[in-house]
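First the structure, then my questions, so here it is.
Chain naming here is simple, since letters A, B, ... match the order of the sequence lines and numbering starts at 1 in each.
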Amino acid sequence: MEKFVTRGQNKHSCANDARSPQKRMKLESDERIKEEEEEDATLAEFSHPVPWQKIEAEDLDCDYALLFSKEEADHLFKQLEEEVVYSTGEEAKVQVFGKVYNIPRKQATYGDADLTYTYSGVTRLAFPWTPTLEYIRDAVTKTTGHTFNFVLINRYKDGQDHIGEHRDDERELDPLCPIASVSFGAARDFIFRHRDARGKQTRRQIEPVKLELAHGSMLLMNSPTNTFWYHSLPVRRKITLPRINLTFRSIVVDRKK
DNA sequence: AAAACTTCATACCA
DNA sequence: GTGGTATGAAGTTT
């Protein structure tokens, strides 16, 4: 198997904040002293410092870390398996050029009141946050400093479940806010491909960036990654166990509606 | 373009 | 080296 790319040290850079992810936080206060107190409190909640890996390529900027211990990740996975309600019936199908297919994974959407998610032309309402989802969301916010109003959950029951190459819909997302992808269960390969290196007339030779997303991990996809890079979760026939992925996003509320 | 599936050439493994 | 299988890129579809 090809070597997976995981380069770089623990340095961090982001469009919104140049500090390291674990030290960044929501800037609600003008007072520096209060800010430092909050920073101490934030760090104290994670007894083991999170070792970050910076993943970089042309137009690509991601941070990867193990956010939860194995024990905590096991517990959260179990909770999610009990609590999350996935789409069924017509909502679990997708129509492509007139043909109807079962989506090769299960999907659920949770978030702040009245937020909607559109997939392949179909819009549906987010369920209200559950305590487990709020806990994970808040852990992500504490380590990244970014807040999120929505999460898309994808459950891949085994290695046959997958998702094809795509970018996350830029129209309804704040393009400057990162997307935080938290994984539980079976580790799966995750592939980035640059938009200029796809299709027949591949304009440029740009190597794909390949990662493995582990149980309890978080992948932060910073701007402008999602503009230039497609990503996919390919089939892996030997994998027999499920994976649950949560992608936390910041959806811009469209007042025109 | 969308987002699935299918096809086919190549890579990999025992 | 060989055969079976897994992978990934390209093709197909309205």
Side-chain angles (χ1 to χ4, degrees), chain A residues 1-6 55 57-60 62 86-109 115-126 150-175 179 181 183 185-214 219 221 223-247 249 251-252 254 256-257:
Chain A
M1 177 182 288
E2 197 173 335
K3 239 188 198 173
F4 281 6
V5 177
T6 49
I55 299 160
E58 181 177 343
D59 306 321
L60 183 146
C62 295
Y86 294 94
S87 298
T88 58
E90 291 309 304
E91 290 209 323
K93 299 181 192 305
V94 63
Q95 188 167 337
V96 182
F97 292 109
K99 287 178 183 167
V100 177
Y101 302 96
N102 292 319
I103 294 175
R105 60 192 171 277
K106 283 184 176 176
Q107 298 186 317
T109 52
L115 282 183
T116 59
Y117 167 74
T118 301
Y119 179 76
S120 191
V122 179
T123 299
R124 49 181 183 260
L125 199 60
F150 183 85
V151 63
L152 170 66
I153 305 177
N154 280 293
R155 182 182 187 276
Y156 305 88
K157 69 178 185 301
D158 57 29
Q160 304 272 17
D161 272 3
H162 63 279
I163 190 165
E165 265 187 2
H166 69 287
R167 294 178 291 172
D168 291 314
D169 191 344
E170 295 175 350
R171 287 167 298 182
E172 56 185 17
L173 295 180
D174 180 341
I179 294 172
S181 171
S183 298
R188 291 288 295 265
D189 291 343
F190 185 81
I191 315 293
F192 283 107
R193 281 174 81 198
H194 195 285
R195 67 179 187 187
D196 292 346
R198 299 168 73 250
K200 192 164 186 177
Q201 81 301 7
T202 170
R203 309 175 189 217
R204 297 189 289 156
Q205 176 77 357
I206 304 174
E207 283 302 304
V209 174
K210 307 183 179 188
L211 315 172
E212 183 179 74
L213 301 182
L219 178 69
M221 292 178 270
S223 174
T225 306
N226 193 45
T227 302
F228 294 96
W229 290 77
Y230 286 70
H231 57 266
S232 65
L233 193 88
V235 167
R236 287 292 178 264
R237 297 186 191 282
K238 281 171 275 195
I239 289 178
T240 59
L241 297 174
R243 166 178 184 261
I244 298 175
N245 180 65
L246 297 77
T247 49
R249 301 129 184 269
I251 291 184
V252 177
D254 186 356
K256 286 182 290 185
K257 283 178 183 171

message = Heavy atoms only, 4.0 Å cut-off, all strands: where does A/Arg105 land among base, sugar-phosphate and nothing?
response =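 Sugar-phosphate only.
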For A/Asp169, all residues meeting side-chain contact (heavy atoms from CB on, under 4.5 Å), sequence neighbours excluded =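 Once residues adjacent in sequence are excluded, the partners of A/Asp169 under the side-chain contact (heavy atoms from CB on, under 4.5 Å) criterion are A/Arg171, A/Glu172.
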message = From CD1 of A/Ile191 over to C1' of C/dG8, roughly how many Å is that when rounded to an integer?
response =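 Distance, rounded to whole Å: 9 Å.
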message = Tell me the interatomic distance from A/Asp189, atom CG, to C/dG8, atom C1', rounded to whole angstroms.
response =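 A/Asp189 atom CG is separated from C/dG8 atom C1' by 12 Å.
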Whole-Å gap separating P (C/dA6) and CD (A/Gln160) =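 A/Gln160 atom CD is separated from C/dA6 atom P by 9 Å.
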ask   = Can you name the residues that form a salt bridge (Lys or Arg N to Asp or Glu O under 4.0 Å) with A/Asp174, not counting sequence neighbours?
value =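 Counting only residues at least two positions away or on another chain, A/Asp174 forms no salt bridge (Lys or Arg N to Asp or Glu O under 4.0 Å).
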query = Given C/dG8, B/dC5, B/dA3, which nucleotide is nearest the side-chain atoms of A/Pro234?
reply =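 So the side chain of A/Pro234 is nearest to C/dG8.
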Using nucleotides 10-14 of chain C, report all nitrogen or oxygen pairs with the protein that are shorter than 3.5 Å.
{"unit_1": "C/dT14", "atom_1": "O4'", "unit_2": "A/Phe97", "atom_2": "O", "d": "3.2"}

ask   = Which residue lies toward the 5' end of DNA chain B, A/Asn102 or A/Lys238, if each is placed at its nearest nucleotide?
value =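 This one resolves to A/Asn102.
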query = How would you list, by chain and number, every residue that makes a side-chain contact (heavy atoms from CB on, under 4.5 Å) with A/Val94, sequence neighbours excluded?
reply =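 With neighbours one apart ignored, the set is A/Val96, A/Tyr101, A/Ile103, A/Tyr119, A/Ser120.
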What does the list of N/O pairs under 3.5 Å between the protein and nucleotides 6-11 of chain B look like, with a distance for each?
none

message = Rounded to whole Å, how long is the line connecting atom CD of A/Glu165 with atom P of C/dT7?
response =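 Going from CD in A/Glu165 over to P in C/dT7 covers 16 Å.
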task = Measure from the side-chain heavy atoms of A/Pro104 and tell me the nearest of B/dA3, B/dC5, C/dT7.
result =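 That would be B/dC5.
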query = When you measure from the side chain of A/Lys210, which nucleotide among C/dT7, B/dA3, C/dG8 comes out closest?
reply =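 Among C/dT7, B/dA3, C/dG8, the one nearest the side chain of A/Lys210 is C/dG8.
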key: Any A/Arg236 side-chain N or O less than 4.0 Å from OP1/OP2 of C/dG8   =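 It does, given that an N or O in the side chain of A/Arg236 lies less than 4.0 Å from OP1 or OP2 of C/dG8.
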query = Quick check: are there more than 12 heavy atoms from other residues, nucleotides or ligands sitting under 6.0 Å from NZ of A/Lys99?
reply =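 No, the 6.0 Å shell around NZ holds no more than 12 heavy atoms from other groups.
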query = Any side-chain N or O of A/His162 under 4.0 Å from OP1/OP2 of B/dC5?
reply =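 Checking A/His162 against B/dC5: at least one side-chain N or O falls below 4.0 Å of OP1 or OP2.
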task = List for me each residue that meets ring-ring contact (aromatic ring centres under 6.0 Å, His included) alongside A/His162, sequence neighbours excluded, and say none if there are none.
result =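 A/His162: no ring-ring contact (aromatic ring centres under 6.0 Å, His included) contacts found.
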ask   = Would you call A/Glu212-A/Arg236 a salt bridge at under 4.0 Å N-O?
value =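 Salt bridge flag = no for A/Arg236 with A/Glu212.
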task = For A/Val122, check side-chain contact (heavy atoms from CB on, under 4.5 Å) against everything at least two apart and list the hits.
result =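 side-chain contact (heavy atoms from CB on, under 4.5 Å) list for A/Val122, sorted by chain: empty.
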ask   = What pairs with A/Gln205 under side-chain contact (heavy atoms from CB on, under 4.5 Å), at least two apart in sequence or on another chain?
value =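 Applying side-chain contact (heavy atoms from CB on, under 4.5 Å) to A/Gln205 gives A/Glu207.
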Spacing of A/Tyr230 atom OH relative to C/dG8 atom P, expressed in whole Å =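 After rounding, the reported distance stands at 19 Å.
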key: Pairing residues for A/Arg188 by the salt bridge (Lys or Arg N to Asp or Glu O under 4.0 Å) criterion, not counting sequence neighbours   =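 A/Arg188 satisfies salt bridge (Lys or Arg N to Asp or Glu O under 4.0 Å) with no residue once adjacent residues are dropped.
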